[in-house]
Protein chains: 2
Amino acid sequence: MDQNLLLAGIAKYVNLDPEEQDYLISVLHYKKIKRKQLILEEGDINNKVTFVTSGCLRSYAVDKNGTEHVLQFAPAGWWITDMRSFTTGQPARLNIDAIEDSEYIYIPKADFEELNTRIPKFEHYNRIIGQNALATYQHRQIDNVTLSAMERYANFCQLYPSLIKTLPQKLVASYIGVTPEFLSKMLNTIIVK
Amino acid sequence: MDQNLLLAGIAKYVNLDPEEQDYLISVLHYKKIKRKQLILEEGDINNKVTFVTSGCLRSYAVDKNGTEHVLQFAPAGWWITDMRSFTTGQPARLNIDAIEDSEYIYIPKADFEELNTRIPKFEHYNRIIGQNALATYQHRQIDNVTLSAMERYANFCQLYPSLIKTLPQKLVASYIGVTPEFLSKMLNTIIVK
DNA sequence: TATTTCTCTTAATATACATTAAGTTTTCGT
DNA sequence: ACGAAAACTTAATGTATATTAAGAGAAATA
């Protein structure tokens, strides 16, 4: 069972004792999913946190026209959650699915809470990565109102150079907030110039 | 010195011992500022966390045309920070100023970190409010790509009923991501119908 | 390998919102 | 209380991006 990526990610911030690590490992669940398979559907309660160990997941919302809007990509080493549903217990607004065959670890909410109270170092880790995520969302919000579509695309390429190579263009379009048609046009008219 | 609002906010989530509370109080700094006064300027390092005790602060970014875009309002009882600058030490992209005469408490970064390591309950509190903030930003991002300007306005009114009464309309416009002219037109043509 | 199902492209038309500008009303600082 | 500054309104014009549609290319599944 490959929890090494998770342990390594935690070890960047805190040093768990062997028994703390064993306790952590004891509450992990392992899953494999195929491309396009959903692990969270709008309306469900998101009662676990999910850590991707291989492949790539994505979270997205669907608008009233049925168009999908990608909120996040989670390649190996990333967490992905509908945080409002997780913290408040409300139905999720997000869907989470696999964009390629993937493997992930999840921790049920009750275990996650107990980990945090019984291992202060784990809670420290979570506070820090929470702050990092918050920083990311704050600046994404600013970018979205401040930059043009082309600038947001350039930004995405800089921030996620590995993703840009593997992702279908329409998913990148959805993430940066334009239609696939417009992104296509934008990229091709630039090259010609 | 009015730290009651802060202590009450923390007490909603954790129960500090008297000596923990004393230690916390010992690192608090108190400030008053006038309307329009800046407490963080783009380019500065945001090396403190700020908790508003009266009045209202706001964070905003300025685009290349000089237009301001409001990221957050912080009335009494709210925290406000450029989280990327705070966590990474990079120069801030955000400005923070007072939209009315205000009072706030701040905690320098070094003290904030020490509070978190020495008082696990304080770190628990921060993890939880961090999760809440993350939930808010995730859904704001979704709302921004999913809803029309009118729907975003309606959303804002629901979420911040107290703010909508006191804020100048142009700041609401900036928060929901439209020009003041467009918001004005939008609101007036609705009423006529 | 064939066939279906996505993905990308191009282009015409449409629209939500921005920009500019000028006038009016409200608020603020002295 | 007064003058200056800020906030709001209206309207004409402009633009970035959406929508629709249809064909070509690529990739997934059987």
Side-chain angles (χ1 to χ4, degrees), chain A residues 33-37 55-56 58 60 62-70 73 97-102 143-156 163-193, chain B residues 33-37 55-56 58 60 62-70 73 97-102 143-156 163-193:
Chain A
I33 41 169
K34 294 274 178 201
R35 195 172 116 84
K36 294 194 179 175
Q37 207 179 320
C56 190
R58 113 242 223 217
Y60 64 97
V62 180
D63 70 21
K64 61 184 150 207
N65 306 317
T67 307
E68 295 176 358
H69 300 268
V70 174
F73 297 110
D97 70 1
I99 61 182
E100 53 191 85
D101 295 357
S102 301
D143 285 348
N144 280 175
V145 291
T146 272
L147 305 178
S148 70
M150 192 61 217
E151 291 169 319
R152 267 149 34 217
Y153 178 79
N155 237 10
F156 185 92
L163 281 176
I164 205 80
K165 305 192 174 181
T166 54
L167 284 178
Q169 195 168 295
K170 67 177 286 198
L171 289 185
V172 178
S174 174
Y175 182 94
I176 66 172
V178 295
T179 58
E181 293 85 356
F182 185 72
L183 179 57
S184 170
K185 181 178 163 187
M186 205 170 69
L187 295 177
N188 290 316
T189 58
I190 290 296
I191 289 163
V192 169
K193 275 188 183 170
Chain B
I33 41 169
K34 294 274 178 199
R35 195 172 118 83
K36 293 196 180 173
Q37 206 179 320
C56 189
R58 114 244 221 213
Y60 64 97
V62 180
D63 70 22
K64 60 183 151 208
N65 305 317
T67 308
E68 296 176 357
H69 300 269
V70 173
F73 297 109
D97 71 1
I99 60 183
E100 53 191 83
D101 293 358
S102 301
D143 285 348
N144 276 307
V145 292
T146 272
L147 305 178
S148 69
M150 192 61 218
E151 291 168 319
R152 266 149 35 220
Y153 179 78
N155 238 10
F156 185 92
L163 282 177
I164 206 79
K165 304 193 175 181
T166 54
L167 284 178
Q169 196 168 293
K170 68 178 283 199
L171 290 184
V172 177
S174 174
Y175 182 94
I176 66 172
V178 295
T179 56
E181 293 84 357
F182 185 72
L183 178 56
S184 169
K185 182 178 162 186
M186 206 170 71
L187 295 178
N188 290 315
T189 60
I190 291 296
I191 290 162
V192 168
K193 273 186 185 168

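Here is how names work: the chains are called A, B, and so on, in the same order as the sequence lines, proteins then strands, and each is numbered from 1.
The salt bridge (Lys or Arg N to Asp or Glu O under 4.0 Å) search around B:K64 returns A:E151, not counting sequence neighbours. For A:D63, the side-chain hydrogen bond (donor to acceptor under 3.5 Å, both in side chains) partners at least two apart in sequence or on another chain are A:H69. Legend: residues meeting side-chain contact (heavy atoms from CB on, under 4.5 Å) with A:A98, ordered by chain and number and at least two apart, are A:I33, A:L57, A:S102. Residues satisfying the side-chain contact (heavy atoms from CB on, under 4.5 Å) criterion with A:D97, sequence neighbours excluded, are A:L38, A:R58, A:Y60, A:I99. Remark: B:T166 engages no residue in a side-chain contact (heavy atoms from CB on, under 4.5 Å) (not counting sequence neighbours). Under the side-chain contact (heavy atoms from CB on, under 4.5 Å) criterion, A:D143 pairs with A:L147, A:N155, B:R93, not counting sequence neighbours.
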Derivation and outcome, side-chain contact (heavy atoms from CB on, under 4.5 Å), residues B:Y153 and B:V178:
CA-CA 10 Å; B:Y153 179 78; B:V178 295; over 6 Å; no
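The outermost nucleotides of DNA chain C lying under 4.0 Å from heavy atoms of chain A, listed 5' to 3', are C:dC6 to C:dT10.
Annotation: the span from A:R35 atom CZ to A:D101 atom CG amounts to 8.5 Å, rounded to 0.5 Å.
Direction of the helix axis in the helix from C:dT1-D:dA30 to C:dC28-D:dG3 shifts by 70° between the two five-pair termini, rounded to 10°.
Residue contacts for A:K34: at a heavy-atom cut-off of 4.0 Å it reaches no nucleic acid atom on any strand shown.
Between B:K170 and A:K36, the residue whose closest nucleotide on DNA chain D is further toward the 5' end is B:K170.
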Solution key, residues 168-177 of chain A side-chain donor-acceptor pairs under 3.5 Å, sequence neighbours excluded:
unit_1: A:S174; atom_1: OG; unit_2: A:E68; atom_2: O; d: 3.1
unit_1: A:S174; atom_1: OG; unit_2: A:V70; atom_2: N; d: 2.8

Going 5' to 3' through nucleotides 9-25 of chain D, assign each nucleotide B (protein heavy atom under 4.0 Å from a base atom), S (under 4.0 Å only from sugar-phosphate atoms) or - (no protein heavy atom that close).
BB------BSBBB----
